[in-house]
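Each remark here refers to the structure printed beneath this line.
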Amino acid sequence: MQDIFNIRHSLSHVMAQAVKEIYGDVKLAIGPAIDNGFYYDFDLSTTILPEDLEKIENKMKEIIKKDFDFTQSFMTKEEAKKFFANEPYKLELIDGIQDEKVSIYTSGDFVDLCAGPHVEKSQELRNAAFKLTNIAGAYWRGDSKNKMLQRIYAVCFSSKEELKKYLFEIEEAKRRDHRKLGPELDLFFLDDTAPGMPYWLPHGLKMYNKLLAFWREEHESRGYQEFSGPQLNSRKLWETSGHWAHYKENMFITGDEQNPLALKPMNCPNSIMVYKQKVRSYRELPLRLASCDKIHRKEISGTLHGLFRVQTFTQDDSHNYIRDTQIKDEINEIMDIADKLYGVFGLTYKPLLSTRPEDFMGNINLWNRAEKELKEIMVERFGQDGFELNEGDGAFYGPKIDLIMTDALGRKWQTGTIQLDFQLPRNFDLTFANEKGELEVPVMVHRAIYGSFDRFIGIIIEHFAGAFPFWLSPTQVGVVPVSEKNNQYAKEIAAVLKENGISSEIDLSENGMGAKVNGYRKMKVPYTLILGEQEEQNKTISIKIRGGKQVNNIPLNKFLEICNKQNKEKTLNLVEEF
């Protein structure tokens with residue numbers, strides 16, 4: 001791993017040399033190795049364009065062909081300042097160095113202020129597989145008060161095969177980008193008039209509601225009770241919960257100075273208020289109070305990213321109130337739900353167990369017991385190597401399990417979370433009466449499986465590249481009459497589909513049949529029915545299956561049976577044999 005790091009770091013110096021040789025008057029900033037590659041920041045009057053990257057890359061290869069060593073030497077700070085007198089960014093870096101001497105690296109005709117490490121000889125770079133990928137603006141030292149520099153990014157791997165694989169994945173990620181597919185498929189859009197607050201279009205809202213209905217069906221069958229709470233709560237509630245002290249900068253605050261109100265960034269305090277509405281008994285536990293309300297979180301400017309980072313979203317929260325003797329059973333039950341909800345999409349996940357931090361609160365014996373039970377659950381369900389242990393990174397109020405999901409491109413997403421909370425029940429004086437009539441404090445389990453519905457939809461848009469399973473597709477069946485003479489038959493078929501709860505659309509426009517079929521193809525509709533003279537005479541349908549295959553003269557009842565089965569069983573793949 002160190003070898004590839006040194007190669008990437010050395011190539012950043014070669015890139016800086018290439019840029020200086022091509023553009024002349026260039027001021028150099030920094031050029032580190034990073035995951036998958038390297039970059040360098042430049043200050044120059046010429047704007048580097050994407051089409052210039054190949055020219056810079058060729059110059060780099062030309063430089064690499066020369067035989068030279070990467071050699072380290074040292075200068076005093078004063079000597080270094082004289083040497084880099086025309087490099088203002090290097091001078092600023094030198095001022096920040098604490099040592100009396102600074103490290104300099106020379107590679108052929110190029111000299112840079114650098115602590116290393118690097119490869120020893122340029123020959124070690126000849127077989128490196130690299131490609132300059134893009135140009136971005138970058139403020140010097142990340143401060144918007146400083147000058148904007150031009151940053152050139154590159155990827156670099158040990159072999160051409162690795163580079164080819166990585167570039168393919170990048171192009172595939174672009175093709176699947178939910179920010180592109182969302183508007184193309186009429187699912188959602190974002191607008192500057194409401195930063196980070198999605199507009200859900202009719203097709204997108206259909207899918208959203210199907211996902212929510214599936215979630216509700218699964219949770220109601222397991223004894224969860226859904227409630228809805230206020231969007232605005234007073235400062236007093238957030239002070240008691242601790243959010244006002246620890247999360248205030250991420251909250252939208254309104255009201256007056258005497259009575260400030262905040263849009264809720266989390267559902268847990270509202271759940272607690274529902275719990276407190278009456279005296280609770282041990283017979284009620286586990287008490288599972290679920291909420292799918294909208295929540296709002298104020299994000300730092302520039303961090304918003306499609307549906308992945310928004311300011312308003314729906315979280316599939318539940319706060320489960322249990323006895324400490326019920327921890328193991330409750331966590332297992334929640335993991336069963338995660339298995340079901342992710343499995344429907346063909347998604348896999350790996351748990352990350354985070355244990356007691358140094359600043360933990362609560363009884364250490366309860367912590368020890370909870371951690372022991374969580375570890376036992378992980379080993380039983382996933383095997384000794386089936387989960388990761390993250391020592392000391394739990395929340396101050398309890399240990400937690402994060403669910404790290406893997407998508408079709410192998411990318412990792414932290415979606416679900418299961419957190420044991422010993423502290424909030426005490427902050428709010430929550431109790432229940434035990435078998436002896438004595439009051440005990442419950443343990444509170446914060447849990448979400450999808451996390452954010454909005455973000456999860458963004459993930460599955462990219463996971464399926466917009467070609468959703470039949471049951472989740474906003475339009476499941478497109479209906480296309482071959483000519484105007486077949487419009488009435490098409491209407492009759494569409495009516496039967498809707499009677500059977502199958503989401504369908506009919507195209508009665510003046511467009512030709514080919515254009516109509518192509519329209520549904522672009523919208524990634526699972527099945528498109530083509531209805532002409534022969535189908536009308538035989539009272540059958542012809543089906544164009546997403547992906548290209550077409551089957552002809554199929555009885556409608558057979559098709560309905562298959563569609564209803566896919567909706568009921570939530571199957572992942574389309575049926576291709578009729």
Side-chain angles (χ1 to χ4, degrees), residues 50 134-139 144 148 170-213 215 228-233 247-255 261-267 291-317 407 411 413-415 448 450-468 472-475 503 505 519-520 522-525:
N134 63 295
I135 306 145
Y139 291 111
S144 60
M148 175 75 78
I170 292 297
E171 288 305 310
E172 187 64 12
K174 288 179 183 177
R175 185 179 75 85
R176 294 168 179 258
D177 192 332
H178 75 283
R179 294 169 299 176
K180 170 177 168 286
L181 288 176
E184 284 180 3
L185 299 177
D186 287 338
L187 301 176
F188 72 91
F189 72 91
L190 292 150
D191 190 83
D192 290 341
T193 56
M197 300 180 184
Y199 283 81
W200 287 98
L201 297 168
H203 281 168
L205 194 58
K206 272 187 184 180
M207 192 168 74
Y208 200 112
N209 288 336
K210 286 183 180 186
L211 188 66
L212 184 56
W215 184 94
S228 180
Q231 284 293 309
L232 283 167
N233 293 101
Y247 208 75
K248 181 180 176 183
E249 68 278 5
N250 293 106
M251 298 167 71
F252 289 97
I253 298 171
T254 184
L261 302 167
L263 280 170
K264 62 180 177 184
M266 299 175 188
N267 287 310
S291 177
C292 290
D293 286 347
K294 289 284 184 187
I295 56 180
H296 295 75
R297 295 180 184 176
K298 187 192 294 183
E299 298 290 352
I300 299 170
S301 177
T303 63
L304 300 176
H305 181 81
L307 297 179
F308 292 164
R309 194 71 175 258
V310 292
Q311 295 198 112
T312 182
F313 56 95
T314 299
Q315 186 154 294
D316 67 325
D317 270 333
D407 71 4
R411 297 173 299 182
W413 305 92
Q414 195 270 304
T415 47
Y450 294 138
S452 154
F453 275 99
D454 307 62
R455 183 169 180 266
F456 188 78
I457 288 175
I459 291 170
I460 61 174
I461 288 172
E462 299 199 359
H463 177 68
F464 291 111
F468 304 111
L472 190 63
S473 295
T475 302
S503 177
E505 291 184 6
Y520 287 127
K522 287 182 177 179
M523 295 303 288
K524 302 182 186 289
V525 173

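- Gln311 places a side-chain N or O within 3.5 Å of a backbone atom of Glu299 that can act as its donor or acceptor partner.
- Shortest non-hydrogen contact noted between Met523 and Leu185 is CE-O, 3.3 Å.
- The two residues Ala138 and Met148 come nearest to each other via the heavy atoms N-SD, 3.1 Å.
- One finds the CZ atom of Arg179 at 4.0 Å from the NE2 atom of His305 (value rounded to the nearest 0.5 Å).
- The backbone N or O of Tyr450 lies less than 3.5 Å from a partner atom in the side chain of Asp316, making a donor-acceptor pair.
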Please step through side-chain contact (heavy atoms from CB on, under 4.5 Å) for the pair Leu307 and Arg455, ending with a clear verdict.
CA-CA 5 Å; Leu307 297 179; Arg455 183 169 180 266; 5.6 Å; no
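- Asp454 places a side-chain N or O within donor-acceptor distance of the main-chain N or O of Thr314, the cut-off being under 3.5 Å.
- A donor-acceptor contact shorter than 3.5 Å links the side chain of Ser473 to the backbone of Phe468.
- For Tyr520 (side chain) and Thr475 (main-chain N/O), no donor-acceptor pair under 3.5 Å exists by modelled atom type.
- In this structure, the side chains of Met266 and Asp317 stay at 4.5 Å or more apart for every pair of heavy atoms.
- Side-chain atoms of Arg297 never come within 3.5 Å of backbone atoms of Asn250 as a donor-acceptor pair (strictly under, hydrogens ignored).
- Residues Tyr199 and Leu190 are not in side-chain contact: their nearest non-hydrogen atoms beyond the backbone lie 4.5 Å or more apart.
- For the atom pair CZ of Phe453 and CE of Met207, the computed distance is 12.0 Å after rounding to the nearest 0.5 Å.
- Taking CZ of Arg411 as the reference point, atom CD1 of Ile459 lies at 9.0 Å (rounded to 0.5 Å).
- Between Tyr208 and Phe188, every side-chain heavy-atom pair lies at or beyond the 4.5 Å cut-off.
- Take Trp413 and apply the ring pair (Phe, Tyr, Trp, His ring centres under 6.0 Å) test, not counting sequence neighbours, and it matches Phe308.
- The heavy-atom pair separating Lys206 from Ser503 by the smallest distance is NZ-OG, 3.3 Å.
- Judged by distance alone, the side chain of Arg176 and the main-chain N or O of His463 form a donor-acceptor pair under 3.5 Å.
- In plain terms, the two heavy atoms of Trp200 and Leu187 that are nearest each other are CE3-O, 3.6 Å.
- Here the closest non-hydrogen pair linking Met251 and Ala262 is CE-CB, 3.4 Å.
- Between Glu184 atom CD and His178 atom NE2 the span is 13.0 Å, to the nearest 0.5 Å.
- Note that the CZ atom of Phe252 and the CG atom of Leu232 stand 12.0 Å from one another [nearest 0.5 Å].
- By the 4.5 Å heavy-atom criterion applied to side chains, Ile135 and Pro50 are counted as neighbours.
- Between Pro198 and Val310, the shortest heavy-atom distance links the atoms CG-CG1, 4.2 Å.
- Side chains of Asp293 and Ser228: a donor-acceptor N/O pair is present below 3.5 angstrom, by distance only.
- By the 4.5 Å heavy-atom criterion applied to side chains, Trp215 and Leu211 are not counted as neighbours.
- Annotation: the span from Lys264 atom NZ to Asn233 atom CG amounts to 7.0 Å, rounded to 0.5 Å.
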